[in-house]
Amino acid sequence: MCIRDSHYRVHVSENEWRAAAFSYGTLTLEVIFEVKRIFYEILLLQSKQDLAGQNLDSIQKIHRLIEKRAKLGEIKELEGIKLYVESLRAQNELNRIKTGLTLAQENLNQLLGKALPPDFALIGELSYTPTEIEEEALLQKALLNHPRVREKEARLEQAKSSENYVRWQRFPDFRLSGFSRKELDGQNTGIGISLDIPLWNFKSREIQEAENLILMEEEKLRALRMEMATRIKSRINQLRLSEQNLQVFHQGLLQQAAQSLKISEVSYTQGEISLIEYQDSQRTHFSILNDYQDSLYRWNADRAALEMAIGEEIK
């Protein structure tokens, strides 16, 4: 058994195992992100389904009122036809959302290995909590501890161990051996030590290849850190932009849209505004609520993407 040969082989195998473990850690982060993304998508579609249902109910309510007024001759029957067409559009939108929700639920269940019942539903809604981001602290921690970085570091150590293994093959190495033989005076056993001397093989080409591999792995590690720093900064900026979009809604837009719709409903039933004006107000309100849900989804998805980029959850 060559003592030094086994020593370097063990180091190469250890670093290869560590690299594989960190690669698994990176894959785990990606799966967690995808689960979160689909989870948020389902919550988004559930909210949009509720909004679309409310919108349809509102249109149908006004449509019934219009039909009564048309029968009394207070308004033209054409307005009832217009609202009927509008209700059909609202029904189609609701059906479209339901189809998308079913598909998202199937995707999540597939990702979780069919662990959920086919008709499962999520409880809850998209939320938003202002987040303080310390950019430099996140960068430093991620560039030290992220599984992708640790994997490249293990690959570099593996290359260095391989280079040491090849280089030391140029020098004598001890070999242990055991023996046992019968002699006239009885059984003779012992351990022998031999010395391998490579007189002709100086491993010059192999050493050069091993050194080149080290340089390549060092360059990969350096490039990865630069790529990750750029990606993390981009994710932080995107999250901040999503927060700014949400603040617009929270600073009065949602309240103003609700008040505007209420006023337009009263005005229309009292004949103060036309059907077209009322429909415009209703569409605007519905659009603002949908945009708000989209912004909530975007913020949650951007937060999950940042967590994947830095390798841990943001507290």
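The heavy-atom pair separating Ile288 from Ala257 by the smallest distance is CD1-CB, 3.6 Å. Across all their heavy atoms, Ala154 and Arg18 have their closest contact at CB-NH1, 3.8 Å. Taking each heavy atom of His146 and Met308 in turn, the nearest pair found is NE2-O, 3.1 Å. The minimum heavy-atom distance linking Ile97 with Ala52 is given by the pair CD1-CB, 3.8 Å. Heavy atoms only, all atoms of each residue included: Ala90 and Asn55 are closest at CB-ND2, 3.9 Å. Scanning both residues, Pro147 and Thr26, for their nearest heavy atoms gives CB-OG1, 3.4 Å.
Applying the ring pair (Phe, Tyr, Trp, His ring centres under 6.0 Å) rule to pairs touching residues 95-126 yields nothing, sequence neighbours excluded. Counting only residues at least two apart or on different chains, no ring pair (Phe, Tyr, Trp, His ring centres under 6.0 Å) pair has a member in residues 31-59. A ring pair (Phe, Tyr, Trp, His ring centres under 6.0 Å) check over residues 218-260, counting only residues at least two apart or in different chains, returns the pairs Tyr128-His250, Phe249-Tyr292, His250-Tyr292.
One finds a salt bridge joining Glu227 and Arg231 here, because a Lys/Arg side-chain nitrogen approaches an Asp/Glu carboxylate oxygen to under 4.0 Å.
Taking 4.5 Å as the limit, every side-chain heavy atom of Leu144 sits out of range of all side-chain heavy atoms of Val149. Within the 4.5 Å cutoff, no side-chain heavy atoms of Met228 are placed close to those of Arg225. Residues Glu217 and Lys220 form a side-chain contact, since some pair of their non-hydrogen atoms from C-beta on lies under 4.5 Å apart. Counting heavy atoms from C-beta on, the side chains of Leu296 and Leu44 never come closer than 4.5 Å. Annotation: side chain of Leu241 is in contact with side chain of Gln238 (closest heavy-atom distance under 4.5 Å). Looking only at side-chain heavy atoms (C-beta outward), Leu289 and Leu254 come within less than 4.5 Å of each other.
In this structure, Gln110 places its CD atom where only 12 or fewer heavy-atom neighbours from other residues, nucleotides or ligands lie under 6.0 Å away. Within 6.0 Å of the CD atom in Gln255, the count of heavy atoms belonging to other residues, nucleotides or ligands does not exceed 12. Within a 6.0 Å sphere centred on CE of Met226, other residues, nucleotides and ligands contribute 12 heavy atoms or fewer.
In this structure, Asn109 contributes its side chain and Leu116 its backbone to a donor-acceptor pair below 3.5 Å. A distance-only check finds a donor-acceptor pair linking the side chain of Thr99 to the backbone of Asn95 [under 3.5 Å].
A search for side chain to side chain donor-acceptor pair (under 3.5 Å) contacts involving Glu125 returns nothing, not counting sequence neighbours. Scanning for salt bridge (Lys or Arg N to Asp or Glu O under 4.0 Å) contacts around Lys98 gives an empty result, with sequence neighbours left out. Residues forming a side chain to side chain donor-acceptor pair (under 3.5 Å) with Ser242 (at least two apart in sequence, or on another chain): Asp302. Among residues two or more places apart in sequence or in another chain, the side-chain contact (heavy atoms from CB on, under 4.5 Å) test is passed with Leu261 by Ser264, Glu265, Ser281, Gln282, His285. By the side chain to side chain donor-acceptor pair (under 3.5 Å) test, Arg96 pairs with Glu93, sequence neighbours left out. By the side chain to side chain donor-acceptor pair (under 3.5 Å) test, Lys48 pairs with Asp294, sequence neighbours left out. Qualifying salt bridge (Lys or Arg N to Asp or Glu O under 4.0 Å) partners for Glu209, counting only residues two or more places apart in sequence or in other chains: Arg205. For Glu307, the salt bridge (Lys or Arg N to Asp or Glu O under 4.0 Å) partners two or more places apart in sequence, or in a different chain, are Lys36, Arg303. Asp57 is linked by a salt bridge (Lys or Arg N to Asp or Glu O under 4.0 Å) to nothing, counting only residues two or more places apart in sequence or in another chain.
Side chains of Asp50 and Gln46: a donor-acceptor N/O pair is absent below 3.5 angstrom, by distance only.
In the hydrophobic clustering of this structure, Leu43 does not group with Leu94; members are Ile, Leu, Val, Met, Phe, Trp, Tyr whose side-chain heavy atoms approach within less than 4.5 Å, directly or through other members.
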Criterion salt bridge (Lys or Arg N to Asp or Glu O under 4.0 Å) on Glu163 and Lys160, from CA distance to verdict: CA-CA 5 Å; Glu163 193 264 349; Lys160 290 180 179 179; over 6 Å; no

